[in-house]
Amino acid sequence: MFVPCGESAPDLAGFTLLMPAVSVGNVGQLAMDLIISTLNMSKIGYFYTDCLVPMVGNNPYATTEGNSTELSINAEVYSLPSRKLVALQLRSIFIKIFFLFSQWCAKYKSKPFCEKLLSWVKSSGCARVIVLSSSHSYQRNDLQLRSTPFRYLLTPSMQKSVQNKIKSLNWEEMEKSRCIPEIDDSEFCIRIPGGGITKTLYDESCSKEIQMAVLLKFVSEGDNIPDALGLVEYLNEWLQILKPLSDDPTVSASRWKIPSSWRLLFGSGLPPALF
Amino acid sequence: MAATFFGEVVKAPCRAGTEDEEEEEEGRRETPEDREVRLQLARKREVRLLRRQTKTSLEVSLLEKYPCSKFIIAIGNNAVAFLSSFVMNSGVWEEVGCAKLWNEWCRTTDTTHLSSTEAFCVFYHLKSNPSVFGSCPRKNMQITILTCRHVTDYKTSESTGSLPSPFLRALKTQNFKDSACCPLLEQPNIVHDLPAAGVLSYCQVWKIPAILYLCYTDVMKLDLITVEAFKPILSTRSLKGLVKNIPQSTEILKKLMTTNEIQSNIYT
């Protein structure tokens, strides 16, 4: 459930909600960090849920010593009212529950989370949702290997409002693939391997008539910072959060502010005795 | 997928944590038998609060029965040893209840007859000052959490081998106005172990003043030096006045160490 930081819930009617799916390479979450950090969005509340593994730490977007001691938790909501943007950042994975049927099987709490999230989206009055996500690059077919690694998906209600704009951007829509890849005569459907809850969110939004767009990139695990930068630039082509990119590619990386929490992403310093 | 050095292709674990195979379980229809098993399991896994000694369930919440202004939680053997030796051996603490739970990882199978030694969480309150409690969040209450992590979890630009462990770090909620007795946990470090992070998250969201003292140590089992690393907390407002006799507490701690030492010399 959404719990505001202040006394009352802020008015989000007509806002665009940006959110990540916890997916391969954590690209969506890294992209969200870049957006929140660059736009200096302020925290307006928490999405308090028992579906995500708890975590706490000090302000991941700290710029000075003064603002470095605000506590952050695993799911927080930020906003930029001047641009009618609201951002949800998710910082941990879904809790796994084991159920014993005739054999062990595991379920993630992802479905209940999607339901709670979409119900909040509807009640808050947000006009539309944009999900930033990623998919396993090794699952691409031959055509996908030869084209841009970015894809988009729109729910039917979203298509009605933004179809022309998306067409003008010459973007590639996510292709359908065999539901069961090993079976030749299997039906075709949208599959997003490695995308976490992306598919569930998309399907639920279709049936609940929520305006949702999914923007994703085909990635592999590794240093996914360049992938995150790519994904925010892709989003920026549409939303124009920052000024349009000039032809100089070296400019692109520097205009997004890297948050202070991205320090030491690959571990602590090395022991000098190693050398 | 990833290839190992020997050329075999293995499924690499995904940082995002989710496996797509799990999603297909949603489509599986639950038979009435499955539903019954699942509900039974859910009942078995419920956390139960029991009255002390009589082991009957508490009908009202612990807080309603024992309202308090200070709530101290210790997680892990070193934090618990610190609390037992220093805080709970000063003054008389009375056990008021315990929480018992079961899940598939527990070794015991019988949930209805767990003895008190198998309780996972025991609640005490200070008889002389019942407003101090070892377990319920209210607006004017302050919560202190103590726990340990391994020093290799601590991210720093130096090597973790050169750190002076054990050392303390703190994390506090927005509404906790007092100062900590040690530096606050620097970015990019986080706390993600379930009890500590869960409690602190709850407190931050519901605006309860709370502070977590985290001891980074290289010895995770019960260790004198690690437990003594918590000592600076005794001078803070949260615990001041609760500890009367530090030398005596140190003696009690030493005794606790020796009784817990397991002789593991394979040559004898």
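Numbers restart at 1 for each chain; the letters A, B, ... are given by sequence-line order, proteins then strands. Fair warning: this is a prediction, and the values are worked out from it, not measured in the lab.
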Smallest heavy-atom separation, A/Asn67 atom then A/Asn59 atom, equals O-ND2, 2.8 Å
Bottom line for A/Leu264: the part with an atom under 4.5 Å from chain B's heavy atoms is both
Most heavy-atom pairs under 4.5 Å with chain A, out of B/Asn189, B/Val205, B/Ile190, belong to B/Val205
Given A/Ser92, A/Gly269, A/Pro271, A/Ser72, the one with more heavy-atom pairs under 4.5 angstrom with chain B than any other is A/Gly269
Residues passing the side-chain contact (heavy atoms from CB on, under 4.5 Å) test with B/Val80, sequence neighbours excluded, are B/Ala74, B/Ser84
Sorted by chain and residue number, the side-chain contact (heavy atoms from CB on, under 4.5 Å) partners of A/Ser124 (sequence neighbours excluded) come out as A/Leu12, A/Trp120, A/Cys126
If one checks every heavy atom of A/Pro259 against chain B at 4.5 Å, the contacting part turns out to be neither
(Q) Quick check: A/Phe113 with A/Phe94 (ring centres under 6.0 Å apart)? (A) yes
Apply ring-ring contact (aromatic ring centres under 6.0 Å, His included) to A/Phe2 and A/Tyr48, showing your working.
CA-CA 6 Å; A/Phe2 176 72; A/Tyr48 191 64; over 10 Å; no
- Message: Would you say the rings of B/Tyr202 and A/Tyr46 are close, in the sense that their centroids are separated by under 6.0 Å?
- Response: no
Bottom line for B/Glu158: the part with an atom under 4.5 Å from chain A's heavy atoms is backbone
When the 4.5 angstrom heavy-atom criterion is applied to B/Ser201 and chain A, the contacting part is both
Pair count under 4.5 Å, heavy atoms only, with chain A: among B/Val199, B/Thr152, B/Thr156, highest is B/Thr156
